[in-house]
Amino acid sequence: MEKTWRWFGKNDKITLPMLRQIGVEGIVSALHHIPNGEVWPLEEIEEYKNYIESHGLRWSVVESLPVSESIKYGGPDRDELIEKYIVSLENLGKAGVKTICYNFMPVLDWARTDLAHDMGDGTAALYFDLVQFAYFDTRILCREGAEADYTAETLAKVAELDKTITEEEKDNLIDSIIVKTQGFVNGNIKEGEEAPVAKFKALLKLYEGIDRDRLRENMKYFLERIMPVCNRYGINMCVHPDDPPRQLLGLPRIVTGKEDIRWILDAVDDVHNGLTFCAGSLSAGMHNDVVGLAAEFYPRVHFVHLRSTEVFPNGDFMEADHLRGRANLIDLVALLEEKRPDLPMRPDHGKLMLDDAGKGYNPGYSFHGRMFALAQLDGLMAAAKHLK
């Protein structure tokens, strides 16, 4: 598989010459400065692509061309926004950038409660604590009916946490769940937002009355509208699984596992309607057999995120070492190297290690942590090729 790296543009502290030195072949990036819903001009796409190529690399994948919330919930401006999306796709196709990773997660992208969980060996990783998340949902967000989504045991622990949690810890939860993990990926809430909880609640309100069936139909409508331009230019759209693959905050989540993936691929049965196979997101759901999913869906996979998670009986999960955890990357890489060696893959979410801390890297996207992961994955790919 092609070794790629998520790069956040010319202001990224990790430079393209650094990436050449560690064996990266392709770049996964986006025009992050363009607001959600606006057209990506051909001239800007070509300039960005040329800049990447001037360093001996390839712009392999767009991650991501964001799908506006109004497209997801079916707002009155949905068709106008889809038309702009189609123009952006057409411009990407003209420039020869033809793999697009996107997601259809309402409001919230990926969710974590701790962005630097102490691993006990001097490193830190991303962590999802169910009780802390439930505290945010029921006591900070105060979402109507939220208590019904949690067990009595979890709610009892929330009540205990409420006796000791500090205002600073509450602010950290808000920052971790709806600011830090979202703002750098064309999220709805950016760093410096004055009232993030109020804005977040307003976004949730847009989805009142939108259930799984309605969100599915809205996704099908979107895909049917964009497939003609994808076919014209050979553009592969690859949806990212929900992270974590479970229902959150009363919002419908429709890319959680086998049944959801099959529905999406069958609803718009076109080779250009495909999947970003995120092993980490899928592994965070105990219902998912990651290698089994890859064995079933590899013909429609266009992009691979390689990471793994450890999932605990209480509902918590954390990022695992890339050679361990539920994703079973050893067997997964062997399968993909046999079936789809043409795919771009990137190491996803690295630990904070060595001097990564304090560098201002985006959560999950440290340099040394991902470099270490890339080396592990490179070794797995070499072994898989050797053993064929």
From [X] [atom1] over to [Y] [atom2], what is the distance, rounded to the nearest 0.5 angstrom?
{"X": "Met345", "Y": "Thr4", "atom1": "CE", "atom2": "OG1", "result": "6.5 Å"}
{"X": "Leu336", "Y": "Asp342", "atom1": "CG", "atom2": "CG", "result": "10.0 Å"}
{"X": "Glu144", "Y": "Leu204", "atom1": "CD", "atom2": "CG", "result": "12.0 Å"}
{"X": "Arg370", "Y": "Asp348", "atom1": "CZ", "atom2": "CG", "result": "8.5 Å"}
{"X": "Met237", "Y": "Ile226", "atom1": "CE", "atom2": "CD1", "result": "4.0 Å"}
{"X": "Glu224", "Y": "Asn273", "atom1": "CD", "atom2": "CG", "result": "10.0 Å"}

Check this for me: does any side-chain nitrogen of one of [X] and [Y] sit under 4.0 Å from a carboxylate oxygen of the other?
{"X": "Arg112", "Y": "Asp243", "value": "yes"}
{"X": "Glu310", "Y": "Arg324", "value": "no"}
{"X": "Asp260", "Y": "Arg216", "value": "yes"}
{"X": "Asp269", "Y": "Arg300", "value": "yes"}
{"X": "Glu160", "Y": "Lys157", "value": "no"}

- Task: Could you check His386, Glu337, Gln376 and say which one makes a side chain to side chain contact (heavy atoms under 4.5 Å, CB included) with Met381?
- Result: Glu337
- Partner of Glu25 under side chain to side chain contact (heavy atoms under 4.5 Å, CB included), picked from Arg20, Arg58, Glu2, is Glu2
Tell me whether [X] at atom [atom1] has more than 12 heavy atoms from other residues, nucleotides or ligands lying less than 6.0 Å away.
{"X": "Lys10", "atom1": "NZ", "value": "yes"}
{"X": "Lys84", "atom1": "NZ", "value": "yes"}
{"X": "Lys13", "atom1": "NZ", "value": "no"}

Ignoring hydrogens and geometry beyond distance, is a side-chain donor-acceptor pair present between [X] and [Y] at under 3.5 Å?
{"X": "Ser283", "Y": "Ser308", "answer": "no"}
{"X": "Gln132", "Y": "Asp114", "answer": "no"}
{"X": "Tyr73", "Y": "Asn218", "answer": "no"}

Return each pair, listed once, that meets ring pair (Phe, Tyr, Trp, His ring centres under 6.0 Å) where at least one residue sits in [range]; pairs must be two or more places apart or across chains.
{"range": "residues 145-168", "result": "none"}
{"range": "residues 244-275", "result": "none"}
{"range": "residues 318-355", "result": "Trp110-His349, His349-Tyr365"}
{"range": "residues 235-262", "result": "His240-His305"}

- Item | Cation-pi, Phe367 ring and Lys359 (6.0 angstrom, 45 degrees) | no
- Query: Under the 3.5 angstrom rule, does the side chain of Asn231 hit a backbone N or O of Met227 as a donor-acceptor pair?
  - Reply: yes
- Message: So does Glu169 get a backbone contact from the side chain of Thr166, meaning a donor-acceptor N/O pair under 3.5 Å?
- Response: yes
- Query: Honestly curious: do Ile27 and Phe303 fall in one hydrophobic cluster under the side-chain, below-4.5 Å linking rule?
  - Reply: no
Exercise answer: donor-acceptor pairs, residues 96-103 side-chain atoms, under 3.5 Å, sequence neighbours excluded:
{"from": "Lys98", "atom 1": "NZ", "to": "Tyr233", "atom 2": "O", "distance (Å)": "3.1"}
{"from": "Asn103", "atom 1": "OD1", "to": "Met105", "atom 2": "N", "distance (Å)": "2.9"}
{"from": "Asn103", "atom 1": "ND2", "to": "Asp109", "atom 2": "OD2", "distance (Å)": "3.2"}

- By salt bridge (charged side-chain N to carboxylate O under 4.0 Å, His left out), Arg78 pairs with (sequence neighbours left out) none
- Glu47, Glu46, Glu53 screened by side chain to side chain donor-acceptor pair (under 3.5 Å) with Lys49, the one that passes: Glu53
- Task: If the plane angle is over 60° it's perpendicular, under 30° parallel, otherwise tilted; pick one for Phe312 and Tyr127.
- Result: parallel
- Give a yes or no on whether the ring-centroid distance for Phe133 and Phe128 is below 6.0 angstrom. yes
